[in-house]
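Predicted model only: the values in this text are computed from it and were never measured. In this chain, numbering begins with 1 at the start of the sequence shown.
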Amino acid sequence: MTQYHRIIDDIVVQLNRKSLKEIMVNFFINLLILLTISFLSVTAYADEPEKTFTYKDWLLVCDNGNTCQAVGYSNENRHENSTMPAALVFQRKAGKHTELTALLYLAFYDDTPLTKSPYHLWLNNKDLGTITEDKPLGKNQVTALLVSLPNTAKITITDGTTTWTVSDKGFNAVFRKMDEIQGRLHTPGAVIVKGKQAESSVPDAPVVPTIHKHTVIDKNAKTIKAGDPLFEKYISLLNSVFSQHCDTPVGFFGEEVSFELARLTDQQSLLLYHCWAAAYNFGDVAIVVNNTQPFQPQVVDSSITDYHNGELGVSMKSRGIGDCWSRQSWVYDGKQFVLSEVYDTGLCRGIPGGVGPLNTYSTHIVTD
């Protein structure tokens with residue numbers, strides 16, 4: 001996803017700098033890149049079942065362990081009823097006899113009236129009781145929602161002053177897909193297509209990879225500037241990697257040329273070099289090198305946004321207001337950084353920060 005963010009951001013920046021002719025040329029070049037990335041992505045995952053699905057106001061996201069999250073949003077025409085956006089997130093782990101849990105997200109803006117009144121969850125004009133932000137709904141509330149949503153469900157949350165709504169449009173299609181991915185169709189535990197097939201037929205959850213996280217020397221990276229022996233040691237290597245992986249000329253934004261370094265072990269270090277910046281996203285190229293020559297550089301990614309205690313991350317806004325994000329993380333195992341997590345925060349539906357995280361890739365991390 002980071003390639004998409006970089007390309008879209010670059011187009012935004014170009015609008016402020018270039019002539020119309022230059023913008024159009026770059027637009028078609030970027031469009032070709034986007035289509036190529038899309039083709040390669042489809043080819044790479046052609047043999048894997050689709051685990052992300054959107055229909056009307058509902059979204060389904062499942063990870064490689066088949067833990068699935070279904071998200072219902074407010075209808076995009078909610079403004080006609082003067083209601084605020086909300087999201088209802090159901091989660092279910094794969095395997096036999098697993099239960100569904102649920103959590104509500106409410107959007108608050110600068111002009112949203114704040115009261116001390118409790119939030120009440122209403123379903124088809126019936127008060128299901130109070131809810132607490134950031135805490136799962138009660139079992140009775142979850143059961144009532146699951147009974148009504150396959151048919152007709154008018155879901156509102158109110159504190160007496162402000163009202164939030166969640167749409168029921170798309171629920172059936174999304175939950176049928178969830179049951180299919182988790183192998184529950186025609187079993188008593190299915191949500192949509194129940195049947196008499198034994199619960200014992202439901203497959204166990206796939207085992208996610210285990211990563212052994214190695215203890216690192218430096219929890220945080222330090223800045224290396226010209227004049228430092230480490231600068232002279234690595235700058236030629238960094239410039240070579242930069243020319244292959246980065247877009248922005250060195251020093252383009254007027255900053256002093258420098259890089260970040262974190263010692264990982266007595267044998268390896270991590271280098272972070274500013275790689276690109278655009279409208280509301282940026283990225284560093286991350287390289288693992290040997291502490292002595294030959295350096296044997298390993299490029300982890302060219303859109304890194306953070307490092308701490310042996311973990312690298314890429315966090316990207318999908319649009320400027322920040323209601324939808326994506327993230328990837330890597331963990332150092334003593335030799336290299338291994339992909340450990342991929343998630344996003346759902347659709348861009350006006351909820352600051354989004355929901356979730358909604359994982360598409362998960363691992364089990366063990367600290368050595």
Side-chain angles (χ1 to χ4, degrees), residues 1-7 9-10 13-14 17-18 22 26 29-30 33 36-37 40 211 213-316 327-340:
M1 289 298 294
T2 56
Q3 297 100 322
Y4 293 92
H5 291 120
R6 287 179 63 178
I7 292 167
D9 275 2
D10 285 345
V13 171
Q14 289 166 13
R17 295 193 195 140
K18 299 186 176 182
E22 290 175 305
N26 280 311
I29 292 173
N30 286 324
I33 294 170
T36 302
I37 292 169
L40 293 174
I211 301 174
K213 182 180 179 181
H214 195 279
T215 301
V216 297
I217 296 174
D218 292 335
K219 291 186 176 181
N220 298 298
K222 64 178 181 179
T223 301
I224 306 299
K225 299 181 180 180
D228 190 310
L230 290 172
F231 186 93
E232 306 305 325
K233 179 178 181 179
Y234 290 119
I235 192 61
S236 294
L237 168 66
L238 284 168
N239 285 333
S240 175
V241 172
F242 185 96
S243 66
Q244 299 174 52
H245 295 272
C246 302
D247 301 330
T248 308
V250 175
F252 180 78
F253 293 100
E255 74 274 20
E256 180 182 3
V257 177
S258 63
F259 61 88
E260 304 286 310
L261 181 147
R263 293 170 299 161
L264 301 172
T265 65
D266 290 334
Q267 290 76 42
Q268 288 185 315
S269 292
L270 170 69
L271 308 179
L272 296 165
Y273 201 28
H274 183 60
C275 191
W276 62 274
Y280 40 78
N281 289 313
F282 71 92
D284 292 346
V285 60
I287 312 154
V288 176
V289 295
N290 292 335
N291 291 339
T292 57
Q293 292 190 2
F295 294 130
Q296 296 180 321
Q298 304 173 35
V299 176
V300 182
D301 196 84
S302 60
S303 295
I304 297 298
T305 55
D306 53 270
Y307 165 78
H308 179 68
N309 194 24
E311 297 188 18
L312 286 168
V314 173
S315 292
M316 296 284 157
R327 182 168 175 84
Q328 298 179 48
S329 299
W330 292 260
V331 169
Y332 182 66
D333 69 357
K335 295 181 179 179
Q336 60 187 346
F337 280 89
V338 181
L339 185 67
S340 59

Under the side-chain contact (heavy atoms from CB on, under 4.5 Å) criterion, do Ile287 and Phe259 qualify, and how do the steps go?
CA-CA 11 Å; Ile287 312 154; Phe259 61 88; over 6 Å; no
Asn291 meets the side-chain hydrogen bond (donor to acceptor under 3.5 Å, both in side chains) criterion, sequence neighbours left out, with Ser269
Closest heavy-atom pair, Phe231 versus Lys225, reported as atoms and distance to 0.1 Å, is CB-O, 3.2 Å
Of Leu272, Val285, Leu312, the one forming a side-chain contact (heavy atoms from CB on, under 4.5 Å) with Val300 is Leu312
Between the NE2 atom in His274 and the CZ atom in Phe242, the distance rounded to the nearest 0.5 Å is 7.5 Å
Separation between OH (Tyr234) and CG (Asn239), nearest 0.5 Å, reads 15.0 Å
| Is a donor on one side and an acceptor on the other found under 3.5 Å between the side chain of Thr305 and the backbone of Phe282? | no
Taken in chain and number order and not counting sequence neighbours, the residues that satisfy side-chain contact (heavy atoms from CB on, under 4.5 Å) with Gln298 are Gln268, Val288, Gln336
Of all heavy-atom pairs linking Asn220 and Ala262, the shortest is O-CB, 4.2 Å
The salt bridge (Lys or Arg N to Asp or Glu O under 4.0 Å) partners of Asp228 (sequence neighbours excluded) come to none
One should read off an interatomic distance between Asn309 CG and Thr215 OG1, to the nearest 0.5 angstrom, of 8.0 Å
Applying side-chain contact (heavy atoms from CB on, under 4.5 Å) to Lys335 and not counting sequence neighbours gives Asp333
When you look at Tyr273 and Val241, which way does the side-chain contact (heavy atoms from CB on, under 4.5 Å) test go after all the steps?
-> CA-CA 9 Å; Tyr273 201 28; Val241 172; over 6 Å; no
Across all chains, not counting sequence neighbours, the side-chain contact (heavy atoms from CB on, under 4.5 Å) partners of Gln244 are Ser240
Residue pairs meeting salt bridge (Lys or Arg N to Asp or Glu O under 4.0 Å), one or both in residues 305-314, sequence neighbours left out, come to Lys213-Glu311, Asp306-Arg327
Contacts of Gln296 meeting side-chain hydrogen bond (donor to acceptor under 3.5 Å, both in side chains) (sequence neighbours excluded), chain-then-number -> Asn290
Got Leu270 and Tyr307 here, is their nearest side-chain heavy-atom distance under 4.5 Å? yes
For Thr223, is there any backbone N or O sitting under 3.5 Å from a side-chain donor or acceptor partner on Ser258? no
(request) Taking the side chain as every heavy atom from C-beta outward, state whether Ile224 and Leu271 have any pair of such atoms under 4.5 Å apart. (result) no
With sequence neighbours left out, the residues meeting side-chain contact (heavy atoms from CB on, under 4.5 Å) with Glu232 are none
Across all chains, not counting sequence neighbours, the salt bridge (Lys or Arg N to Asp or Glu O under 4.0 Å) partners of Glu260 are none
Residue set satisfying ring pair (Phe, Tyr, Trp, His ring centres under 6.0 Å) with Phe337, at least two apart, ordered chain then number -> Tyr332
What one should report as the nearest heavy-atom pair of Leu237 and Pro297 is CD1-CG, 3.7 Å
Original post:
Less than 4.5 Å apart, any side-chain heavy atom of Leu264 and any of Val216?
Top reply: yes
So the salt bridge (Lys or Arg N to Asp or Glu O under 4.0 Å) pairs with at least one residue in residues 262-287 (sequence neighbours excluded) are Asp218-Arg263
